[in-house]
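When reading the values below, keep in mind they use all heavy atoms of this one structure, side chains included, and skip hydrogens, waters and symmetry mates. For clarity, every value in this text was computed on a predicted model and none was experimentally measured.
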Amino acid sequence: MAMKKVAGSAIKALANSGSSSVLTRQLHASPGSKKIVGVFYKANEYYAKNPNFVGCVEGALGLREWLESQGHQYIVTDDKEGPHCELEKHIPDLHVLISTPFHPAYVTAERIKKAKNLQLLLTAGIGSDHVDLKAAAEAGLTVAEVTGSNVVSVAEDELMRILILVRNFLPGYHQVITGDWNVAGIAYRAYDLEGKTVGTIGAGRIGKLLLQRLKPFNCNLLYHDRVKIDPELEKQIGAKFEEDLDAMLPKCDIIVINMPLTEKTRGMFDKERIAKLKKGVLIVNNARGAIMDTQAVADACSSGHIAGYSGDVWYPQPAPKDHPWRYMPNQAMTPHISGTTIDAQLRYAAGVKDMLDRYFKGEEFPAQNYIVKAGELAPQYR
């Protein structure tokens, strides 16, 4: 039954796309043992501190016993870079690759070409830009993620970062740990959030949750997106739609990036666009680091044009030790942590298991989880 469903899906995909590569990849989904590779960050000594810490190499999304009991091979590693890394050894014969945005396995066109048995790329979390989506579509691969699994986690983190920047929190924290006490050194640039204009670029699942959480702070809320929020929700939140992004940006005291990384958004915030922002603007970016021009952000923080920059996304990841954002002034950066809380890990681990189970049975995934299906990219990545 599973083979019939897979074959039927493959024939339908071929008819829709006109590409023989789609049919070839789909027909590889035969019964029997599959080789599944997971790429996650290592927890080391922290793994033993929480039994629900499943999003790491040691926790392996809690899938090992289940997969191996069904006869599948499950290999988990954090070694993902370079021609001799552990991941590279398994590229030629793996069937499924699972990765996360927090420790992404960069799936290039070259790797896709080598991966003759590869059928399915799963993101444990949301955001699949670590995959060359065009190459995946052309190869007839399925790319899917656990849509919605960590949107609350990221929205809460964004709100925290806004407050950290607005209240000039970090200098006060550093004073405490260095034995200093200088109230003026903090207060001269600490503000209330109330009354400030906050604009989010992107008002999807995360952007809407952020706007809802900002409403009690009595801010002036703006948003820009491909589509408008439902009118009733927009009214409840009190947010105003801005069709023209470049018209919205200079109005904002605080800008939050909530859009996916695509060819259109890569490097969107370059030197020229940053120069048009309000002097002293605060920026929060938990979306993707490559949306920003790295050096342009560092220069604007140094000059004071950007008064504060906070986020947990970098390019590449992990960030090299000489990454300029580590050393620029007025930053509140962290490693990529916002979407990998313990609560989020449990949600995206369950989502990955559900999709694997459907894959083994030849069943469809929830429609919102597909990023690439039958040679077509999801709308947000087009």
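Taking the six-membered ring for Trp and thresholds of 30 and 60 degrees, Y348 and F102 have nearly parallel ring planes, at less than 30 degrees apart.
Under 4.0 Å is where a charged nitrogen must lie from a carboxylate oxygen, and between E110 and K114 at least one such pair does. Using a cutoff of 4.0 Å between basic side-chain nitrogens and carboxylate oxygens, R111 and E88 are scored as salt-bridged. A salt bridge is defined here as a Lys NZ or Arg NE, NH1 or NH2 lying under 4.0 Å from an Asp or Glu carboxylate O, and E158 with R213 fails to meet this definition. R273 has a carboxylate O that lies under 4.0 Å from a charged side-chain N of D246, or vice versa, which qualifies the two as a salt bridge. Remark: E242 engages K251 in a salt bridge, criterion side-chain N to carboxylate O under 4.0 Å. Taking a cutoff of 4.0 Å between a charged side-chain nitrogen and a carboxylate oxygen, R226 and E243 do not qualify as a salt bridge. Between K271 and D293 no salt bridge is recorded (no basic side-chain N to carboxylate O distance below 4.0 Å). Classification of K361 and D357 as a salt-bridged pair holds, one side-chain N sitting under 4.0 Å from a carboxylate O. Contact check on E86 versus K89 returns a salt bridge, with a Lys/Arg side-chain nitrogen under 4.0 Å from an Asp/Glu carboxylate oxygen.
Of the N and O atoms on the side chains of T340 and Y41, at least one donor lies less than 3.5 Å from an acceptor on the other residue. When only modelled atom types and interatomic distance are considered, R161 and T334 share a side-chain donor-acceptor pair under 3.5 Å. Using a 3.5 Å distance cut-off with no hydrogens or angles, the side chains of K35 and H90 do pair a donor with an acceptor. With no hydrogens or angles considered, no side-chain donor-acceptor pair links Q119 and H95 at under 3.5 Å. There is no side-chain donor-acceptor pair under 3.5 Å between N330 and Y309. The closest side-chain donor-acceptor pair between D157 and S338, if any, does not fall under 3.5 angstrom. For the residue pair N258 / T200, a side-chain donor-acceptor distance below 3.5 Å is found, with atom types taken as modelled. For the 3.5 Å distance criterion, the side chains of E194 and N218 qualify, holding a donor opposite an acceptor.
Residues V352 and I98 meet the side-chain proximity criterion, which asks for heavy atoms closer than 4.5 Å. Between L97 and V107, some side-chain heavy-atom pair lies under the 4.5 Å cut-off. A 4.5 Å side-chain heavy-atom check between N285 and M292 finds at least one atom pair inside the cut-off. Residues L356 and V96 form a side-chain contact, since some pair of their non-hydrogen atoms from C-beta on lies under 4.5 Å apart. With contacts defined as side-chain heavy-atom distances shorter than 4.5 Å, the pair E364/K373 qualifies. I257 is not listed as a side-chain neighbour of N286, based on a closest heavy-atom distance of 4.5 Å or more. No side-chain heavy atom of N150 sits under 4.5 Å from any side-chain heavy atom of T341. Using a 4.5 Å heavy-atom threshold, the side chains of M268 and M259 count as touching.
When the shell of 6.0 Å around CZ of R189 is examined, it contains more than 12 heavy atoms from other residues, nucleotides or ligands. With a 6.0 Å radius and a threshold of 12 heavy atoms from other residues, nucleotides or ligands, Y327 has its OH atom above the threshold. Environment of OH in Y315: sparse, with no more than 12 heavy atoms of neighbouring residues, nucleotides or ligands closer than 6.0 Å.
Separating the CE atom in M333 from the CG atom in L170 is a distance of 12.0 Å, to the nearest 0.5 Å. Rounding to the nearest 0.5 angstrom, the gap separating the CG atom in D253 from the OG1 atom in T197 is 5.0 Å. Interatomic distance, S302 OG to Q295 CD, rounded to the nearest 0.5 Å: 8.0 Å. Note that CG of D230 is 8.5 Å distant from CD of Q236, once rounded to the nearest 0.5 Å. One distance of note links SG of C219 with CD1 of I162; it measures 7.5 Å at 0.5 Å rounding. From L261, atom CG reaches atom CG of L133 across 9.5 Å, with rounding to the nearest 0.5 Å.
Sequence neighbours left out, the pairs with a member in residues 205-236 that pass ring pair (Phe, Tyr, Trp, His ring centres under 6.0 Å) are Y223-F241.
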Derivation and outcome, side-chain contact (heavy atoms from CB on, under 4.5 Å), residues R288 and D129: CA-CA 9 Å; R288 288 295 180 265; D129 49 88; 2.6 Å; yes
side-chain hydrogen bond (donor to acceptor under 3.5 Å, both in side chains) between S153 and R347, intermediate numbers included: CA-CA 11 Å; S153 313; R347 290 191 292 265; 3.2 Å; yes
side-chain contact (heavy atoms from CB on, under 4.5 Å) evaluation trace for L277 with H305: CA-CA 8 Å; L277 306 181; H305 192 82; 4.2 Å; yes
Stepwise side-chain contact (heavy atoms from CB on, under 4.5 Å) test for V297 and M328: CA-CA 9 Å; V297 169; M328 65 188 183; 3.9 Å; yes
CA sep, side-chain torsions, deciding dist, call: I255, L249, side-chain contact (heavy atoms from CB on, under 4.5 Å): CA-CA 7 Å; I255 295 169; L249 292 176; 3.7 Å; yes
Check against ring-ring contact (aromatic ring centres under 6.0 Å, His included), Y370 and F365: CA-CA 7 Å; Y370 285 107; F365 299 162; 5.4 Å; yes
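Residues I371 and I112 share a single hydrophobic cluster, defined by chaining ILVMFWY side chains whose heavy atoms lie under 4.5 Å apart. If you chain together hydrophobic residues whose side chains sit under 4.5 Å apart, I201 and L221 never meet in one group. In this structure, L214 is a member of the same hydrophobic cluster as V284, with clusters built from ILVMFWY side-chain heavy atoms closer than 4.5 Å. A continuous path of ILVMFWY side-chain contacts below 4.5 Å connects I254 to L159, so both sit in one hydrophobic cluster. Following chains of ILVMFWY side-chain contacts shorter than 4.5 Å, one cannot reach L165 starting from Y173, and the two form parts of different hydrophobic clusters.
Side-chain atoms of Q345 never come within 3.5 Å of backbone atoms of L61 as a donor-acceptor pair (strictly under, hydrogens ignored). Put simply, the side chain of S99 never gets that close to the backbone of T123: no donor and acceptor are under 3.5 Å apart. Formation of a donor-acceptor pair under 3.5 Å by the Q317 side chain with backbone atoms of H103 is not found in this model. A donor-acceptor pair under 3.5 Å links the side-chain atoms of Y381 to the main chain of S128, judged by distance alone. Distance alone, capped at 3.5 Å, places no donor-acceptor pair between the E234 side chain and the K228 backbone. N52 places no side-chain N or O within donor-acceptor distance of the main-chain N or O of I342, the cut-off being under 3.5 Å. No donor-acceptor pair closer than 3.5 Å links the side chain of N220 to the backbone N or O of K196. Q70 places no side-chain N or O within donor-acceptor distance of the main-chain N or O of H72, the cut-off being under 3.5 Å.
Nearest heavy-atom pair, D354 versus R358, reported as atom, atom and distance to 0.1 Å: OD2-NE, 2.8 Å. In plain terms, the two heavy atoms of V143 and A136 that are nearest each other are CG2-CB, 3.9 Å.
With V166 as reference, L193 is the one residue of V198, L193, D192 to meet the side-chain contact (heavy atoms from CB on, under 4.5 Å) rule.
Scored by the ring pair (Phe, Tyr, Trp, His ring centres under 6.0 Å) test, H323 finds W314, W325 as partners (sequence neighbours excluded).
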